[in-house]
Protein chains: 2
Amino acid sequence: MPGREPGARSASVKDVAAAAGVSLGTVSNVLNRPDRVSPETRERVQRAMSDLGFVRNESARQLRAGTSRTLAYVMLDASNPFFTDVAAGIDTAAESVDLALVLCNSRNSAQRERSHLALLEQQRVQGVLITPVEPDSPALEELAQRGTPVVVVDRTRADQSFCSVAVDDVLGGRLAVEHLLDRGHTRVAYVGGPRHLGQVADRLRGARDAWSAAGRPEDALVEVETAALTVNEGREAGARLAGLPARRRPTAAFCANDLLALGLLQHAISSGVRVPEELAIVGYDDIDFAAAAAVPLTSVRQPRQLLGRTAAELVLDESANADHTHRQVLFTPELVARASTLG
Amino acid sequence: MPGREPGARSASVKDVAAAAGVSLGTVSNVLNRPDRVSPETRERVQRAMSDLGFVRNESARQLRAGTSRTLAYVMLDASNPFFTDVAAGIDTAAESVDLALVLCNSRNSAQRERSHLALLEQQRVQGVLITPVEPDSPALEELAQRGTPVVVVDRTRADQSFCSVAVDDVLGGRLAVEHLLDRGHTRVAYVGGPRHLGQVADRLRGARDAWSAAGRPEDALVEVETAALTVNEGREAGARLAGLPARRRPTAAFCANDLLALGLLQHAISSGVRVPEELAIVGYDDIDFAAAAAVPLTSVRQPRQLLGRTAAELVLDESANADHTHRQVLFTPELVARASTLG
DNA sequence: GCGTCGGATTGAAACCTTTCAATCCAGTTC
DNA sequence: GAACTGGATTGAAAGGTTTCAATCCGACGC
């Protein structure tokens, strides 16, 4: 038997009021300003509510009150642990101000992203946090224009028409390569792609900066471009590196993210290349699986939870304060050295 | 400047109607039954909508129409790739019937789970899919009782008062151990815990069944209980196994999930134990990281996406068909043999 | 006893959309 | 030219909650 008896629709405040012998307004007061109603009445009403199985209708509440109690995070790819950690950070912040967080997964599709945004706007959510498929999409602008606070997470936009939180990827790239230089490597690979992704380009730039600042010849930093930031592509890149003649083969690789690094590591192990003796590896993101890899991975850590928390704070500020001004927050990454580079 | 000019609230159908010189009802028709309105009028109205930046108010729509366009999945732990894959399956099904999916993450907390459920019920979502912290919680029952379709995902309940989809964990345990028996192992560890989790218990039961069916002595299947199903606990378990005297040390381990198996693998590699020659490992779930591990992991695969899709279909059936009857769907797992057990 | 005060309660309006029966109107048929 | 047809449009009601000005009532001061 599915649910309630046929014909019975769920009880409304009106039913509760009748059952408790009070007016409609009093029931509402019990719900929203319990202190304004006398203890006896309050209890009578609450009793009626539970007797009738009353469940407040959020649509009606929101329609009348004009405010919603939810925040949304549109994530780029829920299967990347990095983003779920960011989401956890947002959740923590949302929880502390008693807002619910709903997650939407665009799964890398601009089309899905669009339809999620449309629905969220119709739902009048308090704010939208998003790691967009395409940071410069005009759809975001329009959404903000029409009055929904929007914060861009882990991406930056050319203009400053939004709040955003991100991590300094150029610095991250520099840290990684400086570490490898410290360890004495003279021939290093940068593994990442596609090149048009902001992250990939910025990390490469940082790597190049550090490389030339150390006075190394440009062509000793070899770029290995991949088609995506996945474990599979990392393995693939491993094969390509292995194919190089020994003289030109790098002794270390800096990967644009940990998934690539894990793939590369796997290729190395399965083909008998010792890590880090023959090939040192640096990843990026420091997801939990990095520390837990067969050879624990040196990685550039991004403050994932903090990223999320901060983004949530910005969106809340924008939604609450009339004199809000947009801010671009840039966090500093940190290198975590582990066995994959430490002989 | 945050959003629209002060004072301007978003346009309503009424505004659109006025701007287009038609009645309210016509605007609604354009929105909901565009074929009923003449092409010229329709266009005029649509033009007015975009001029005014009209965004339909979903609360009002839902209040009047009485139906919501969303499905919800309350996940146990968004950072476990297994659940995000299940979510992707649900999403696919939801998309095909034009429902939006919102994800909530209870992060293993019964309290968070409760508050998510309460809000979802108030929002009158079309249905709730959930992997509960505690499958036998009465809260689920009450929710269903009051009329929200509920489907339990990847768990089973003692009674049959819900639809549920799960995978046959007893069979999965059997498959794993049969495989190890085939490979000639005579001393095997079962790594998992805490024991009160349904999954952990069922997989152990299957393992024992296979073991005794093969006529092996009971005490040659050693149980290693862990405090949680995480990578860290897996490493920990590795240390415990290594501590056993060689005579009593198992030559293979069957882990209750892949995270444990990955941790165990990591411990083995870092302490020089060869996999699979000295220690064969079987995981469970076959998450993507399993195939991508340093030594690709043999694992018991669950049809994750299918699990999600099926759950979504059940909840939709329950929400649409008055004569719906609850079903408990049990899928069959499948062993995927890889290098971690294949010499 | 009268007037006043303040906390508790009430009742009606408002939020925005959808629905549906009623109306309108331009053609068509006889 | 009257009667009808059927598609397009209209107008009002309804949905469940919150809000807020108004009312009620018992207590208190004088």
Side-chain angles (χ1 to χ4, degrees), chain A residues 7-46 48-49 52-70 118-119 121-125 146-147, chain B residues 7-46 48-49 52-70 118-119 121-125 146-147:
Chain A
R9 73 186 199 324
S10 74
S12 74
V13 273
K14 196 191 290 188
D15 302 324
V16 173
V22 298
S23 82
L24 242 157
T26 299
V27 177
S28 178
N29 282 335
V30 171
L31 248 22
N32 302 296
R33 303 175 210 73
D35 47 305
R36 299 250 171 107
V37 12
S38 73
E40 312 83 63
T41 313
R42 192 190 321 153
E43 190 173 330
R44 195 146 35 93
V45 171
Q46 278 162 344
M49 286 183 177
L52 293 159
F54 170 77
V55 176
R56 189 213 231 117
N57 183 323
E58 173 66 20
S59 296
R61 204 218 102 247
Q62 187 172 325
L63 173 60
R64 172 64 231 214
T67 99
S68 101
R69 298 304 296 164
T70 72
L119 185 60
E121 186 178 15
Q122 293 180 13
Q123 288 179 168
R124 306 289 196 270
V125 293
R146 284 191 295 263
Chain B
R9 75 186 197 322
S10 74
S12 75
V13 275
K14 197 191 290 189
D15 303 323
V16 173
V22 298
S23 80
L24 241 157
T26 299
V27 177
S28 178
N29 282 334
V30 170
L31 248 21
N32 302 296
R33 303 176 210 73
D35 47 306
R36 298 250 171 107
V37 11
S38 73
E40 311 84 63
T41 314
R42 192 190 320 153
E43 191 172 328
R44 194 148 35 94
V45 171
Q46 278 163 343
M49 286 181 177
L52 293 162
F54 169 77
V55 176
R56 190 213 229 114
N57 183 322
E58 173 66 19
S59 295
R61 203 218 103 249
Q62 186 172 325
L63 173 58
R64 174 60 228 214
T67 97
S68 99
R69 299 301 298 163
T70 73
L119 185 60
E121 185 178 14
Q122 293 179 12
Q123 290 181 164
R124 305 290 196 269
V125 293
R146 284 190 297 263

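The sequence lines fix the lettering, A, B, ..., with proteins before strands; numbering per chain opens at 1.
Contacts between residues 56-64 of chain B and DNA chain D, counted as heavy-atom distances below 4.0 Å, involve B/Ala60, B/Leu63, B/Arg64. The stretch residues 25-37 of chain A touches DNA chain C through A/Gly25, A/Thr26, A/Asn29, A/Arg36, A/Val37, each having a heavy atom within less than 4.0 Å of the strand.
The CG-P distance, from A/Leu24 to D/dG16, rounds to 11 Å in whole Å. Put simply, NZ on B/Lys14 is 11 Å from C1' on C/dT17, counting in whole angstrom units. Here D/dG16 presents its C1' atom at 8 Å from CZ of A/Phe54, a figure rounded to the nearest Å. Rounded to whole Å, atom C1' of C/dC15 lies 11 Å from atom CZ of A/Arg124. Regarding A/Glu43, its CD atom lies at a distance of 16 Å from the P atom of C/dA8, rounded to whole Å. Per the geometry, CD belonging to B/Gln123 stands 15 Å off P belonging to D/dT17, to the nearest Å.
In this structure, B/Arg124 CZ and B/Glu121 CD are separated by 7.0 Å, a value rounded to the nearest 0.5 Å. To the nearest 0.5 Å, the span separating CG on B/Leu31 from CD on B/Gln46 amounts to 9.0 Å. Taking CG of A/Asn29 as the start and OG of A/Ser23 as the end, the distance is 8.0 Å to the nearest 0.5 Å. Rounding to the nearest 0.5 Å places CZ of B/Phe54 at 8.0 Å from OG of B/Ser10.
Residues meeting the side chain to side chain donor-acceptor pair (under 3.5 Å) test with A/Thr41, sequence neighbours left out: A/Ser38.
For C/dT9, the OP1/OP2 oxygens have a side-chain nitrogen or oxygen of A/Thr41 closer than 4.0 Å.
Computed from C1' positions of five pairs at each end, the angle between the two local axes of the helix from C/dG1-D/dC30 to C/dC30-D/dG1 equals 50°, rounded to 10 degrees.
Residue A/Ser12 places its side chain closer to D/dG16 than to any other of C/dG11, D/dG16, D/dT18.
Taking 4.5 Å as the limit, every side-chain heavy atom of B/Gln123 sits out of range of all side-chain heavy atoms of B/Thr70. Contact of the B/Gln62 side chain with the A/Asn57 side chain is not registered, since no non-hydrogen atoms from C-beta on lie closer than 4.5 Å.
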Item to complete: Determine, step by step, whether A/Gln122 and A/Leu119 satisfy the side-chain contact (heavy atoms from CB on, under 4.5 Å) criterion, reporting the C-alpha distance in whole Å, the side-chain angles of both residues, the deciding distance to 0.1 Å, and the verdict.
Response: CA-CA 5 Å; A/Gln122 293 180 13; A/Leu119 185 60; 4.2 Å; yes
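For residues 25-39 of chain A, no pair satisfies salt bridge (charged side-chain N to carboxylate O under 4.0 Å, His left out), with sequence neighbours left out. Residue pairs meeting the salt bridge (charged side-chain N to carboxylate O under 4.0 Å, His left out) criterion with at least one member in residues 53-69 of chain A, sequence neighbours excluded: A/Glu58-A/Arg61.
The backbone N or O of A/Val37 sits less than 3.5 Å from a side-chain atom of A/Arg42, completing a donor-acceptor pair.
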